[in-house]
Asker: 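My questions will all concern the structure given below.
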Number of protein chains: 2
Amino acid sequence: MIRTADKHSKILEAAIRVFSRKGFFHARISDIAKEAQVADGTIYLYFNNKYDILISLFEEEIGKIIMEVKLLLESKADDNPREMLRIFATHHLQMMDDRRELAEVLQMELRQSNKFMREYRNTKFSEYLDIISGIVRKGQELGVFRPDVLPGVFKRAFFGALDETARLWILSPDHSYSIHETAEQISAIFINGIIQPAAR
Amino acid sequence: MIRTADKHSKILEAAIRVFSRKGFFHARISDIAKEAQVADGTIYLYFNNKYDILISLFEEEIGKIIMEVKLLLESKADDNPREMLRIFATHHLQMMDDRRELAEVLQMELRQSNKFMREYRNTKFSEYLDIISGIVRKGQELGVFRPDVLPGVFKRAFFGALDETARLWILSPDHSYSIHETAEQISAIFINGIIQPAAR
DNA sequence: TAAAGCTGGCTGAATGCTCATTCATTATTC
DNA sequence: GAATAATGAATGAGCATTCAGCCAGCTTTA
């Protein structure tokens, strides 16, 4: 052992790579151990079981993403809800493209997680979605977004649109459209869809 | 043996229930067999293996959905692309709500399928998405939709929005919004987003 | 008419493989 | 020389898949 080098995150990073390659169910603990250059048993010193690795991974990574995008929104969008949607879209797609392996894991496993881990409520993910509904509410207060759009519906529609688009890239990584072009398209559709006609 | 009663579809229907309850990986062949009132071995007379059940299920069920929605579009939307989007959205959500168990399976497993069944290309699903891009192209030809919207991006965004919304219902079946209200909201956002300003 | 033989669908217990998890042992650190 | 951290072989549970045999109904034979 040369260095202790934070095994916890070393294992999580290895897990992202392995889960993205094989999917959660086909990934063996021994695969993750090998990838993290650690013994099989060591993993159990840091995590309770295989699911716990996946959940920790969600919490930590989505947590980071939330931080990033909140910072970006505060620093660049000075209270302009249209701009905020555009920034959110661009950041989401950019992140999915930069971190392909993480994106695959989130794409594939996030949906399942509620299924087989009944007790796990995925609060970080809800928090991520709530950034969108927050933007909508702000836009409605400022009178630039139509008041009849339900923020709770909009947040899912907007996230779903981005997520499904990102899925295309993951499945066939040679995108025909650029990130900015796509983020632009999607936010344009939604902004035109939600904007107050008077404000146009 | 009283009746031969089409074991193939009896097994598929059982599989939908079991997969929706436990997820593909946790579902045992013996669970499906019991649910279908059939011996474990019988399943292998109709399907090659566990994956084959899932793939057959996708193909057949998505095939039915495609048929339904195409019929509906032909009979009710007489060449009005705005109306077509509204019909597609309503039909999709209605179907996900009527067939909760199927919806769960599609939601949870469709994403994964490309992962662990590398060879399976999921052509039926593409066909379903292409209905949307077809509507967009038609709208652009007729001059009611903006020509700068990319149909290939729009189809994913629209589907993604519907799919993510449906997911909410699956996770917490006591919807706060009605199907029609939601379908209305989503298609309104997208129609406003894609419509040619002149045509407004 | 009845017994005997066939046939193809169906059965479900047995097989064999794949791991997640454990824990006695070993290495490292202070 | 404790105490702490890490190791990895052994355990045992879980389950997809197989296949030898069963059975219902039909055909042939006497």
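Below, chain A is the first sequence line, B the second, and so on; all start at residue 1. Just so it is clear, the structure is predicted and the values come from calculations on it, not from any experiment.
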Asker: Check the distance between dC19(C)'s C1' and F24(A)'s CZ and give it to me in whole angstrom.
Answerer: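 Checked: the CZ to C1' distance equals 13 Å.
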Asker: I want to check something: taking the side chain as every heavy atom from C-beta on, are M95(A) and E61(A) in contact at a cut-off of under 4.5 Å?
Answerer: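 Of all side-chain heavy-atom pairs linking E61(A) with M95(A), none is under 4.5 Å.
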Asker: State, to 0.1 Å, how close I29(A) and D40(A) come at their nearest heavy-atom pair, and which atoms those are.
Answerer: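 So the two residues come closest at CG2-O, 4.3 Å.
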Asker: Nearest 0.5 angstrom please: M84(B) CE to E74(B) CD, how far?
Answerer: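 Rounded to the nearest 0.5 Å, the CE-CD separation comes out at 8.0 Å.
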Asker: Side-chain donor-acceptor pairs under 3.5 Å in residues 134-145 of chain B, sequence neighbours left out?
Answerer:
| from | atom 1 | to | atom 2 | distance (Å) |
| --- | --- | --- | --- | --- |
| K138(B) | NZ | D79(B) | OD1 | 3.2 |
| Q140(B) | NE2 | R146(B) | O | 2.9 |
| Q140(B) | NE2 | V149(B) | O | 2.8 |

Asker: Go nucleotide by nucleotide along DNA chain C from the 5' end; which of I29(A) and T42(A) gets its closest nucleotide reached first?
Answerer: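 Checking each residue's closest nucleotide, the 5'-ward one belongs to I29(A).
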Asker: In whole angstrom, give the distance that lies between atom CD1 of I43(B) and atom P of dG9(C).
Answerer: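 I43(B) atom CD1 is separated from dG9(C) atom P by 17 Å.
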Asker: Pairs under 3.5 angstrom, nitrogen or oxygen only, protein versus nucleotides 24-26 of chain C, please.
Answerer:
none

Asker: Do K22(A) side-chain atoms and R28(A) backbone N/O form a donor-acceptor pair below 3.5 Å?
Answerer: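 A pair under 3.5 Å: no.
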Asker: Report the distance from atom CD1 of I32(B) to atom C1' of dC15(D), rounded to the nearest whole Å.
Answerer: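 Roughly 12 Å, once rounded to whole Å.
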Asker: Can you tell me if Y46(A) touches the phosphate of dA6(D), counting only side-chain N or O atoms and a distance under 4.0 Å to OP1 or OP2?
Answerer: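 Yes.
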Asker: For a 4.5 angstrom cut-off between non-hydrogen side-chain atoms, does I179(B) reach W169(B)?
Answerer: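 Sidechains of W169(B) and I179(B): in contact.
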Asker: Is there a path of hydrophobic side-chain contacts, each under 4.5 Å between heavy atoms of I, L, V, M, F, W or Y residues, that connects F24(A) with Y51(B)?
Answerer: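 Yes, F24(A) and Y51(B) fall within the same hydrophobic cluster.
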Asker: Atom CZ of F25(A) to atom P of dT18(C): distance rounded to whole Å?
Answerer: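 So the two atoms are 19 Å apart, to the nearest Å.
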Asker: Name the orientation class of the two ring planes belonging to F25(B) and F25(A) (parallel below 30°, tilted from 30 to 60°, perpendicular beyond 60°).
Answerer: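 The arrangement is parallel - the two ring planes meet at less than 30°.
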Asker: Would K124(B) pass as a cation-pi partner of F58(B), given that its NZ or CZ must be under 6.0 Å from the six-membered ring centre and within 45 degrees of the axis?
Answerer: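 So K124(B) doesn't make the cation-pi contact.
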Asker: Take the protein atom NZ of K10(A) and the nucleotide atom P of dA6(D), then report the distance between them rounded to whole Å.
Answerer: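 Atom NZ in K10(A) sits about 10 Å away from atom P in dA6(D).
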Asker: At a cut-off of 3.5 Å, list every protein nitrogen or oxygen paired with a nitrogen or oxygen from nucleotides 14-16 of chain C, distance to 0.1 Å.
Answerer:
none

Asker: Could you state the atom-to-atom distance from CG of D31(B) to P of dA16(D) in whole Å?
Answerer: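 Going from D31(B) (CG) to dA16(D) (P), I get 8 Å.
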Asker: Work out how much the helix from dT1(C)-dA30(D) to dC30(C)-dG1(D) bends between its end axes, five pairs an end, to the nearest 10 degrees.
Answerer: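 Taking the rotation axis at each end, their angle is 10°.
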Asker: Counting only heavy atoms from other residues, nucleotides and ligands, does the tally under 6.0 Å from CD of Q94(B) exceed 12?
Answerer: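 Atom CD in Q94(B) is crowded, with more than 12 foreign heavy atoms closer than 6.0 Å.
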Asker: Can you check the H26(B) NE2 to dG14(D) P distance for me, whole Å?
Answerer: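 Answer to the nearest Å: 12 Å.
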Asker: Which residue pairs satisfy the ring-ring contact (aromatic ring centres under 6.0 Å, His included) criterion with at least one member in residues 89-110 of chain A, sequence neighbours excluded?
Answerer: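 Listed by first then second residue: H92(A)-Y128(A), H92(A)-F159(A).
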Asker: May I have the distance from F47(A) (atom CZ) to dA6(D) (atom P), rounded to whole angstrom?
Answerer: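 Rounded to whole Å, this separation is 12 Å.
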Asker: Among dT17(D), dG12(C), dT7(D), which nucleotide sits nearest the side chain of A39(A)?
Answerer: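 Among the listed nucleotides, the one closest to the side chain of A39(A) is dT7(D).
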Asker: Report the residues that fulfil side chain to side chain contact (heavy atoms under 4.5 Å, CB included) with A15(A), sequence neighbours left out, ordered by chain and then residue number.
Answerer: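 Result, side chain to side chain contact (heavy atoms under 4.5 Å, CB included) vs A15(A): F19(A), I32(A), I53(A), L57(A).
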Asker: For a quick test of reading the model: is some side-chain N or O of K7(B) closer than 4.0 Å to OP1 or OP2 of dG9(C)?
Answerer: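 No, K7(B) has no side-chain N/O under 4.0 Å of OP1/OP2 on dG9(C).
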